[in-house]
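Both counts, for ligands and for their atoms, begin at 1 and track the order of listing. The analysis underlying the following values was restricted to heavy atoms, covering all of them including side chains, and did not include hydrogens, waters or symmetry mates.
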Amino acid sequence: MPEKKEKFYITTPIYYTNGMPHIGHTYTTIVADVLRRYKKMRGYDVVMTTGTDEHGVNVERAAKKAGIAESEFVARMADAWKQLWDELELTADEFVRTTDLKHVRTVQWLFKLCKENGYVYKGHYTGLYCIYDNAYVNEPKPGNLCPDCDRPLETVTEENYFFKLSAFQKPLLDFYNKFPEFIQPESRRNEIISFVEGGLKDLSITRTSVRWGIPVPGEEPHVFYVWFDALTAYLSAVGGPEYEKRGMWPADVHLVGKDIIRFHTVYWPAFLMAAMLPVPKQVWAHGWFLMDAAKMSKSKGNVVLPRPIVNMLGMDALRYFLLREVVFGQDGNFSYDALVTRYNSDLANGLGNLASRTAAMLEKNFAGIVPKPETRLSQDDVLAKAAQSAIGEVLERYDRYEFARALETIWGVVAAADKYLTTEQPWALGNSPDEESRKATILWTAAELLRIVSALAYPVLPESTSKIWTLLGQSLGISATPLDGLRWGQLAPGTNLGKFQALFPRVEKTEAVERIEAMANEELNPTQPTASAPASTTSGAAATPGPTAAASDKIGIEDFAKVEMRVGQIKTAERIVGADKLLKLTVDIGTEIRQICAGIAQYYEPESLIGRKVAVVVNLAPRKLRGVESNGMIIAASVGPEGRPVLAGFHEEVEVGARLK
Ligand code: MSP
């Protein structure tokens with residue numbers, strides 16, 4: 001543990017506001033969150049930042065298409081990104097928006113320093129420009145297409161301010177040489193070194209062709225080029241010009257995808273060197289999650305969304321899969337099949353099963369109190385040693401950002417414990433003093449192992465390990481447990497165990513995948529327009545409130561007659577795993593029994609509905625809600641600002657199947 005609380009500053013890229021987060025963006029943010037939790041448990045004073053990159057031509061165009069001002073457009077998008085991170089409990093300490101005043105000031109200040117030090121001059125630039133990636137392109141693909149995204153490039157000529165990047169070839173190479181850990185992983189470092197050795201051209205850092213950007217003071221219509229603007233967000237998040245007061249700068253690690261490593265390891269240190277400011281300690285580039293061997297993008301229709309996965313399998317399942325499945329730094333393929341397979345094998349049958357077995361036996365045999373281990377046998381010691389040595393190994397692996405291997409080590413211990421219980425069979429032991437004492441030792445050992453495993457896995461699985469922690473009656477919160485003090489043998493006999501809460505219910509693979517896909521489909525192609533958050537800006541549907549019928553619009557009786565409503569009687573009602581607002585009902589409508597989903601779970605207990613007569617729209621086209629088929633609609637009033645549903649009903653006896661007219 002550091003002697004005095006050392007600081008650790010982690011960043012994610014700031015994400016473009018012209019799209020919504022998919023699993024790729026979520027991956028970077030999850031890794032940052034894992035590191036944040038881990039470093040805190042190692043005693044560091046940690047700050048993690050994320051944010052949104054809100055300037056540039058793309059935003060101008062998307063806002064225009066949506067028919068609203070850029071400021072309104074980016075505000076809605078930033079809210080939508082924040083909301084998702086909140087839902088996924090990915091808590092950043094700072095969320096920077098590049099339209100924040102504090103950020104604007106920082107960019108202008110950095111430019112002034114670079115200029116005062118002689119690294120900025122005025123010139124003209126003509127080039128092919130990719131408006132989607134916000135970058136000039138030197139080597140276009142045939143047909144003047146962007147080599148990164150395959151979309152058409154545009155020729156742009158304009159007066160620009162240039163940054164003397166060429167002056168930094170040697171300083172950068174010296175820097176990489178002196179701090180070999182600056183670029184990670186190693187393969188990326190070699191790639192960047194050869195790029196810089198190949199020579200650096202000066203870089204245009206302002207635009208006159210773009211309106212939506214941070215103005216260059218006294219030089220309007222110049223606005224800053226997106227990368228000069230965006231990279232500076234890391235500094236504005238922790239104090240900007242007053243960074244010394246906060247004491248967090250330089251960043252300890254910038255986590256980025258491999259697509260943006262050059263900006264972070266060449267431009268960014270050069271800007272800072274020119275301004276004579278401290279340079280970050282490390283840039284860690286991870287690979288991409290691919291879908292069908294291609295980078296995800298909405299235009300290709302191959303995006304994977306985080307929400308449906310979390311709704312179906314829980315937040316920890318997503319975190320575990322992303323970190324366990326792919327070696328950090330390399331590309332990996334995403335597949336729902338692999339996700340659910342891992343969920344069932346490692347989480348439901350692995351950790352979840354070990355915890356529930358142990359909890360049940362402790363409850364049954366020791367009335368929910370941690371027993372005292374008695375005489376230890378060699379097999380108990382073997383397990384103890386495995387757990388103890390896992391501690392050091394796991395910390396080392398986390399330190400090296402080898403998340404998959406850290407989890408592999410932890411799950412190695414979980415498997416050993418499973419085997420231990422199967423061999424020792426505490427459930428088969430009787431009530432003689434010797435057998436009771438043996439049972440106590442075995443169950444204490446299993447519980448102690450669960451404690452160690454939970455503390456080690458907490459950064460990746462915060463939700464489920466917190467539940468195990470409560471089960472084990474640990475008073476100090478798991479997130480505040482110092483990993484440096486973690487040792488085998490600290491579980492005190494006599495501790496009162498807490499309540500066991502189910503961790504990872506097993507799921508049937510085909511059904512789970514179907515439901516995740518159906519939920520993703522709903523989110524990508526919402527049937528109901530939502531006014532709150534734009535779904536995507538590329539489709540142009542973003543940020544435009546849904547149409548509302550003008551008060552004077554009337555329908556004829558023939559229109560109303562198209563809606564077939566009947567009296568239905570609820571036969572069964574149940575909650576739906578992963579959909580806390582929905583109930584799955586079966587309703588007798590006279591001619592048949594229908595399955596209908598209703599968004600009333602927060603207001604009606606399922607049992608209270610059985611036998612109730614309701615008004616049902618019976619000729620609606622069937623659709624899937626949260627992946628569950630719904631064939632009809634129950635009519636309810638929407639009451640109060642939160643739209644509480646109150647079921648429409650009848651005060652007199654009515655026959656099931658009677659038509660409402
Ligand atoms: N705004 C810039 C970054 C500026 S940082 C000063 C940007 N934004 S982005 O919205 O395109 O997000 C880029 C980041 O999202 C990538 O660097 C990577 O971290 C993550 N990912 C986006 N797609 C990804 C995958 N398919 N797989 C893994 N991560 C990917 O670039």
Taking all non-hydrogen atoms of both residues, which atom of Phe168 and which atom of Met273 are closest, and how far apart?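 What the structure gives for the nearest pair is CE2-CB, 3.6 Å.
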
Given a heavy-atom cut-off of 4.0 Å, could you list the residues near ligand 1 in chain and number order?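 Ligand 1 pocket, heavy atoms under 4.0 Å: Pro13, Ile14, Tyr15, Tyr16, His22, Gly24, His25, Thr28, Asp53, Trp227, Ala230, Leu231, Tyr234, Val256, Gly257, Asp259, Ile260, His264, His286, Gly287, Trp288, Phe289, Lys295.
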
[X] and [Y]: side chain donor to acceptor below 3.5 Å:
{"X": "Asp346", "Y": "Tyr320", "answer": "yes"}
{"X": "Thr99", "Y": "Glu54", "answer": "yes"}
{"X": "Thr208", "Y": "His222", "answer": "no"}

Any chance the rings of Phe334 and Phe321 have centres within less than 6.0 Å?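 Centroid separation for Phe334 and Phe321: below 6.0 Å.
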
Does Arg207 qualify as a cation-pi partner of Phe224, given the criterion of NZ or CZ under 6.0 Å from the six-membered ring centre and within 45 degrees of its axis?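 No; the conditions do not both hold, so Arg207 does not lie above the ring face of Phe224.
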
